[in-house]
Amino acid sequence: MHGPAGWWPAETRFEILIGAVLTQNTAWSNVEKALAGLRECGWLAPETILDAPEAELAAAIRPSGYFNIKARRLRNLCRWFLEAGGFPALERLDTGSLREALLSVNGVGRETADDILVYAFERPVFVVDAYTWRIFERLGLIAERAGYEALRAGVEAAAPGADADFFNELHALLVIHGNRLCRPKPLCGACTLRDTCPAAS
DNA sequence: ACCCAGGGTCATA
DNA sequence: TATGACCATGGG
């Protein structure tokens with residue numbers, strides 16, 4: 001009914017890693033502006049980002065907020081990515097090892113790591129974010145604030161055999177419909193079902 | 001003027 | 001382990 005969401009919005013695979021950092025506690029509309037700034041400078045690949053002066057890098061991503069910190073985090077991530085051998089080498093790691101490697105980067109926390117695992121490496125991982133807590137608590141699916149790992153592993157265990165596409169869509173829909181600024185379009189008034197209402201599709 | 005947005009690190013207790 | 005301060009922009 002609501003999908004497919006078609007995540008992650010990016011032109012290249014590495015751009016997903018960049019977007020995952022830029023969107024930390026930030027509206028995606030602002031991330032798009034920052035990505036456009038990077039695109040203008042030709043700074044969407046790890047080599048070119050590392051080659052850029054950090055102050056200018058920060059200026060390019062200014063609209064995404066926290067630009068000084070995020071400029072440093074992007075450089076940390078790029079340095080790690082190249083030193084690790086890029087996608088060909090990283091793809092050979094099992095999901096647990098790859099997750100640990102991502103978490104070793106200063107600026108990459110659990111949610112950012114899991115974003116990258118699902119959307120750039122197509123691993124079956126459940127991403128827990130603020131919307132997940134809000135929605136799961138509201139639905140009574142969790143009694144109190146369990147830890148991040150407990151909820152992630154719990155949902156993954158509850159969906160045995162689910163592939164990366166499943167977790168891709170699940171997280172995307174939780175974000176899209178958990179967003180207070182993204183209310184569903186109202187029905188036309190004559191209709192009672194969204195499926196059949198021409199105004200709300 | 002305020003609240004919110006696809007978090008994470010660091011210092012402190 | 002668990003809080004709190006800090007980072008900072010743009011739209012509703």
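On a predicted model such as this, the values are computed, not experimentally measured, just so you know. Numbers restart at 1 for each chain; the letters A, B, ... are given by sequence-line order, proteins then strands.
Ring orientation note: the planes of A:F126 and A:F167 are tilted relative to one another, at an angle of 30° to 60°. Ring geometry for A:F121 against A:F87 counts as tilted: the plane angle lies between 30° and 60°, on a 0 to 90° scale.
Of the candidate nucleotides B:dA5, B:dG8, B:dT9, B:dA5 has the atom nearest to the side chain of A:Y131.
Counting only distance, with no hydrogens or angles, the side chain of A:R75 and the backbone of A:A52 share a donor-acceptor pair below 3.5 Å.
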Candidate pair A:D51 and A:T48, rule side chain to side chain donor-acceptor pair (under 3.5 Å), full reasoning: CA-CA 5 Å; A:D51 208 31; A:T48 55; over 6 Å; no
Full working for side chain to side chain donor-acceptor pair (under 3.5 Å) between A:D114 and A:Y119: CA-CA 8 Å; A:D114 290 339; A:Y119 295 102; over 6 Å; no
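Put simply, the side chain of A:H171 does not reach to within 4.5 Å of the side chain of A:Y131, judged on heavy atoms. In this structure, the side chains of A:I135 and A:R138 stay at 4.5 Å or more apart for every pair of heavy atoms.
Residue order along DNA chain B, read from the 5' end via each residue's closest nucleotide, puts A:W28 first among A:V108 and A:W28. The nearest heavy atom of DNA chain C to A:T26 and to A:S29 marks one nucleotide each, and the one closer to the 5' end goes with A:T26.
At whole-Å resolution of the value, CG in A:L174 and C1' in B:dA5 are 16 Å apart. Between the CG atom of A:L102 and the P atom of B:dG8 there is a distance of 12 Å, given to the nearest Å. Rounding to whole angstrom units, CZ of residue A:R72 and P of B:dG7 are separated by 19 Å. As a whole-Å value, the separation of A:Y148 OH from B:dT9 P is 12 Å. Straight-line distance from the CG atom of A:N106 to the C1' atom of B:dC10: 10 Å, rounded to whole Å. Between the CG atom of A:L77 and the C1' atom of B:dG7 there is a distance of 14 Å, given to the nearest Å. Taking atom CZ of A:R73 as the reference point, atom C1' of C:dC6 lies 11 Å away to the nearest angstrom. The NZ-P distance, from A:K33 to B:dA5, rounds to 16 Å in whole Å.
Salt-bridge annotation for A:E83 and A:R79: absent, with no side-chain N of the basic residue lying under 4.0 Å from a carboxylate O of the acidic one. A salt bridge links A:E149 with A:R99; the closest basic N to acidic carboxylate O contact falls under 4.0 Å.
In this model, the phosphate group of B:dT9 is not approached by any side-chain N or O of A:K70 to a distance below 4.0 Å at OP1 or OP2. Phosphate contact (OP1/OP2 of C:dC6, side-chain N/O of A:N25, threshold under 4.0 Å): absent. The shortest distance between the side-chain N/O atoms of A:T112 and the OP1/OP2 oxygens of B:dG8 is below 4.0 Å.
Among the protein residues, A:D115 comes within range of no part of the nucleic acid, since none of its heavy atoms lies under 4.0 Å from any strand. Nucleic acid contact class of A:V128 (heavy atoms, under 4.0 Å, all strands): none. Residue A:V127 is out of contact with every strand shown, counting any heavy-atom pair closer than 4.0 Å.
Against DNA chain C, the stretch residues 59-68 of chain A makes heavy-atom approaches under 4.0 Å through A:R62, A:P63, A:G65, A:Y66, A:F67, A:N68.
Looking at A:D115 and A:T112, their side chains never bring a donor and an acceptor atom within 3.5 Å of each other.
In terms of polar N and O atoms assigned as donor or acceptor, the side chain of A:N30 comes within less than 3.5 Å of the base of C:dT9 in a complementary pairing.
For B:dC10 and C:dA8, the P atoms lie 14 Å apart once the distance is rounded to whole Å.
In DNA chain B, stems built from 3 or more consecutive Watson-Crick or G-U wobble pairs, each with both distances under 3.5 Å, span B:2-5 with C:9-12, B:7-13 with C:1-7.
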